Amino acid sequence: MTRSNTLNDMDAFSIVRKWADSFRSTAAAARSIGIDRRRLSEQLNADEEFSEEVLRAAGIVRVQPPAEYYLRDEI
């Protein structure tokens, strides 16, 4: 089921980038949420997945799909 407010990866990246750009520097954005500037830079450069702190600060909630279970014989 897709909801009308579902974001794809590019949408999320754009929103996070806009949030980060609202600060004077990447270091200031990182300080505002209590993470290291290097860690935020890695996330903004797509070297690392966005952390929950960064997504929350940008107003995004990540919802993981439900787990799927299979019997080993059928894999």
Side-chain angles (χ1 to χ4, degrees):
M1 176 172 100
T2 303
R3 297 182 182 195
S4 62
N5 62 347
T6 300
L7 303 173
N8 63 34
D9 290 339
M10 288 305 296
D11 294 334
F13 180 82
S14 178
I15 292 168
V16 170
R17 173 55 76 182
K18 185 181 266 189
W19 166 80
D21 288 346
S22 71
F23 292 86
R24 289 187 61 193
S25 65
T26 303
R31 267 193 309 274
S32 77
I33 58 173
I35 66 171
D36 183 55
R37 179 207 53 81
R38 182 181 51 79
R39 186 170 171 219
L40 179 57
S41 290
E42 288 173 350
Q43 292 177 39
L44 291 173
N45 292 328
D47 295 332
E48 191 178 305
E49 189 173 285
F50 287 127
S51 66
E52 293 303 316
E53 297 95 343
V54 171
L55 292 173
R56 191 177 317 115
I60 299 172
V61 175
R62 180 182 2 229
V63 177
Q64 300 292 351
E68 294 183 22
Y69 299 93
Y70 300 93
L71 292 173
R72 285 176 101 24
D73 297 357
E74 296 180 9
I75 295 178

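Sequential numbering from 1 along the given sequence is applied to the chain's residues. Just so you know, these numbers come straight off a predicted model, no measurement behind them.
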Give me the one residue out of R17, R24, K18 that meets salt bridge (charged side-chain N to carboxylate O under 4.0 Å, His left out) with D21.
-> R17

Distance-minimising heavy-atom pair for [X] and [Y]:
| X | Y | result |
| --- | --- | --- |
| W19 | A29 | CH2-O, 3.7 Å |
| L44 | F13 | O-CE1, 3.2 Å |
| M10 | N8 | N-OD1, 3.0 Å |

Straight-line distance of I35 CD1 to L40 CG, nearest 0.5 Å = 4.5 Å

Distance, nearest 0.5 Å, that separates CG of L7 from CD1 of I15 | 4.5 Å

So with a 6.0 Å cut-off around CG of D9, is the heavy-atom count from everything else above 12?
-> no

Under 6.0 Å from the CZ atom of R37, do we count more than 12 heavy atoms belonging to anything else shown?
-> no

Check for a donor-acceptor pair, side chain of R62 on one end and backbone N or O of F50 on the other, with a separation under 3.5 Å.
-> yes

Is there a donor-acceptor contact under 3.5 Å from the side chain of D36 to the main chain of R38?
-> yes

Taking side chain as C-beta onward, heavy atoms only, is V16 less than 4.5 Å from L55?
-> yes

Flag the pair Q43 / E53 as yes when at least one side-chain heavy-atom distance between them is below 4.5 Å, and no otherwise.
-> no

